[in-house]
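Note that these values count all heavy atoms, side chains included, but never hydrogens, waters or copies made by symmetry.
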Amino acid sequence: MSGERGFPSPSSHSHSTSPIANNNHKRPNFISFQDIPNLPSNTKALCHIIATTPSLTVEQSLQHSAIPVTPQDVEDVLKLSYGFPAQAVKFFRWSAHQLNHNLTPYSWNLVIDLLGKNRFFDAMWDAINSMNIKGFLSLATFASVFGSYVSAGRVREAVMAFETMENYGCVRDVVALNSLLSAICRDGRTVDACDYLQIAKKFIRPDSDTYAVLMEGWEGEGGVVGAKESFAEMVIEMGWDPANVPAYDSFLCTLIRGPDGLLEALKFFDSMRDRRCYPGMRFLKVALDECVRCHDIRTAEFFWEVMVGITGLQPTTQMYNSMIALHCYRDDTNAARRMLDEMACRGALPDALTYNLLFRFLIRGKKLREASAVFVEMVKNECVLDQPNCDAAVKVYLDNGDPIMALEVWKCMVENYSKDLDGTANCLVLGLQDLGRVQEAVKYAENMIARGIKLSSSTLSKLRESLIKERKESVYEELLTKWKSQ
């Protein structure tokens, strides 16, 4: 590779290596071969040489290693050597000799990316010139260049790279423009992307993806005002397009997280609906989350009716959980139960959160028959009742004269939890005794003591009273002995 024109080591471009003054653009933490388990031995050995050998001697060390390389090996090693740019370039050059210069375009792109991410921009352009001679340049190469410049805080240079693409035989079209704008927006500089679009529009017509990129940028920055301006521009430039779901998604998600979010989103959602243009899954999830936060069931039902009922969107389990929570907050557990029953028909399986949400409100409302049905169903579906629900359910079932369900819940509790059981244990023993089930109270008390669960002295005293009435003092004495040994 040493015979390739214009492909020096990064070390020869020392003036390009210093970090720029902007502290907001620090070099990223690159992934290392040590972060990847079970690497092929050749890849690991080559990466180790690159990471531990000075740049001046790395080619000699590689030669002495006698490790054979394939084009795939070169790609794999380069991906894991971003932290050692000078050595990685030497490895690339050495590999080219081993493979009679039959390196893949992707490996060349990796070198371009590696140099750019380390801010060796002079060396990066030298490598681009070498790629150009080989006819390997593509949009992927320039996408990497855009990203490297922008991440270094050099948006102007990224724009210049875009404007000189055609000098290197690459088409400067809307796809390339979108790639540039995406790099700028990802860096939190959507206003710069919008400003350059006004210039680029003079020679490239934007498409729906252009505005989707801008909307995603505004969403990441929470830029409500900018998002509205870009949305208005999109409608003027592109009209209303039902296929432009990503742009609608990002736009409405931006609005809903801003001031008067639900109200603002509703207003624009209505405008879209009138034109049969709808957002997608991401917006519905964000909207439902916001409705839960605000306890706004009416708005949630409206979005659900349109997005699920009209557009045929398939809701996720998480979305159903949001709706079930909202119905429960409104004390409409019947509607929540209907949502639970509907889930399987729409391909969303209830999870532990689904059941626990509904069960908690059923217990709170003392709708014990419905709560028992939910409990049986969740056990059947291998979901576990959370511990606060177990605590509440044992007490409520006992208070309402249903020791069988109280014991079922207790069984679930001891099978799944090992801490903070004492309060519920004492409640269960006393509840069984109060319901005249003294023998069961003793049996469960013995089991609790064996498990290391602490029964209080007052619980034991009340059991003693009941056992004396039944003339079973000896049973109490045995229980007391076990309790004391604990």
Side-chain angles (χ1 to χ4, degrees), residues 1-19 25-131 133-134 136-137 140-141 143-145 147-149 151-152:
M1 202 71 169
S2 56
E4 292 284 0
R5 183 180 66 81
F7 195 67
S9 163
S11 58
S12 68
H13 290 266
S14 58
H15 64 282
S16 298
T17 67
S18 60
H25 293 87
K26 297 177 181 177
R27 283 190 178 86
N29 291 321
F30 299 122
I31 192 168
S32 160
F33 74 98
Q34 294 173 320
D35 301 322
I36 309 296
N38 305 318
L39 276 177
S41 57
N42 279 12
T43 302
K44 188 172 183 178
L46 291 167
C47 287
H48 183 266
I49 292 171
I50 290 169
T52 58
T53 309
S55 173
L56 290 174
T57 58
V58 70
E59 286 179 281
Q60 182 180 355
S61 296
L62 289 165
Q63 194 65 33
H64 287 162
S65 73
I67 300 173
V69 289
T70 66
Q72 182 64 51
D73 291 333
V74 178
E75 294 176 6
D76 293 341
V77 170
L78 289 172
K79 288 176 192 174
L80 300 172
S81 301
Y82 274 54
F84 307 93
Q87 292 90 328
V89 170
K90 294 282 187 69
F91 162 74
F92 182 75
R93 181 181 295 140
W94 173 80
S95 299
H97 285 301
Q98 309 307 307
L99 297 168
N100 296 318
H101 299 281
N102 289 322
L103 294 168
T104 65
Y106 181 52
S107 64
W108 277 89
N109 279 336
L110 284 169
V111 169
I112 300 298
D113 195 55
L114 182 150
L115 290 169
K117 293 296 186 292
N118 282 281
R119 303 178 192 176
F120 288 82
F121 293 116
D122 289 350
M124 178 187 77
W125 280 106
D126 288 340
I128 287 172
N129 287 330
S130 295
M131 274 187 86
I133 292 169
K134 289 181 169 292
F136 283 174
L137 284 177
T141 313
S144 167
V145 171
S148 294
Y149 272 131
S151 66

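- Taking each heavy atom of Ile49 and Thr53 in turn, the nearest pair found is O-OG1, 2.7 Å.
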| said: Could you go through Ile36 and Thr43, starting from their C-alpha distance and side-chain angles, then the distance that decides it, and tell me whether this counts as side-chain contact (heavy atoms from CB on, under 4.5 Å)? | reply: CA-CA 11 Å; Ile36 309 296; Thr43 302; over 6 Å; no
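- At least one side-chain heavy atom of Ser130 sits less than 4.5 Å from a side-chain heavy atom of Trp108.
- Taking OG of Ser65 as the reference point, atom CG of Leu46 lies at 6.0 Å (rounded to 0.5 Å).
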| said: side-chain contact (heavy atoms from CB on, under 4.5 Å) for Ser81 and Gln87? Distances and angles first, verdict last. | reply: CA-CA 8 Å; Ser81 301; Gln87 292 90 328; over 6 Å; no
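- For Asp73, there are no salt bridge (Lys or Arg N to Asp or Glu O under 4.0 Å) partners two or more places apart in sequence or in a different chain.
- Tyr82 pairs in a side-chain contact (heavy atoms from CB on, under 4.5 Å) with only one of the listed residues (Asn29, Asp113, Ile31), which is Asp113.
- The structure places OG of Ser144 at 11.0 Å from OH of Tyr149, a figure rounded to the nearest 0.5 Å.
- Separation of atoms CG (Leu114) and CG (Asn109) is listed at 12.0 Å; rounding is to 0.5 Å.
- Going from atom OG1 of Thr57 over to atom NE2 of His64 covers 10.5 Å, rounded to the nearest 0.5 Å.
- The nearest pair of heavy atoms linking Leu80 to Cys47 is CB-SG, 4.0 Å.
- Nearest heavy atoms, Val69 versus Leu99: O-CD2, 3.3 Å.
- Distance check, rounded to the nearest 0.5 Å: NE2 of His101 to CZ of Arg93 gives 11.0 Å.
- Between Phe120 and Pro85 the shortest heavy-atom distance is CE1-CG, 3.7 Å.
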| said: Assess the residue pair Phe91 and Leu78 against the criterion (side-chain contact (heavy atoms from CB on, under 4.5 Å)); give the C-alpha distance rounded to whole Å, side-chain angles, the decisive distance to 0.1 Å, and a yes or no. | reply: CA-CA 8 Å; Phe91 162 74; Leu78 289 172; 4.1 Å; yes
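- For the pair Ala152 and Arg119, the tightest heavy-atom approach, listed with the atom from each and the gap, is CB-NE, 3.7 Å.
- Of the possible donor and acceptor atoms, one in the side chain of Lys90 sits under 3.5 Å from a partner among the backbone N and O of Ser55.
- Of the residues Gln60, Glu59, Gln63, the one that meets the side-chain hydrogen bond (donor to acceptor under 3.5 Å, both in side chains) test with Trp94 is Gln63.
- Side-chain contact of Lys117 with Ser151: a donor-acceptor pair under 3.5 Å is absent, judged by distance alone.
- Minimum heavy-atom separation, Leu115 to Ala127: CD1-CB, 4.2 Å.
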| Between Val145 and Met124, is a side-chain contact (heavy atoms from CB on, under 4.5 Å) present by the stated rule, with each step listed? | CA-CA 8 Å; Val145 171; Met124 178 187 77; 3.8 Å; yes
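- To the nearest 0.5 Å, atom CG of residue Asn118 and atom CZ of residue Phe84 are 10.5 Å apart.
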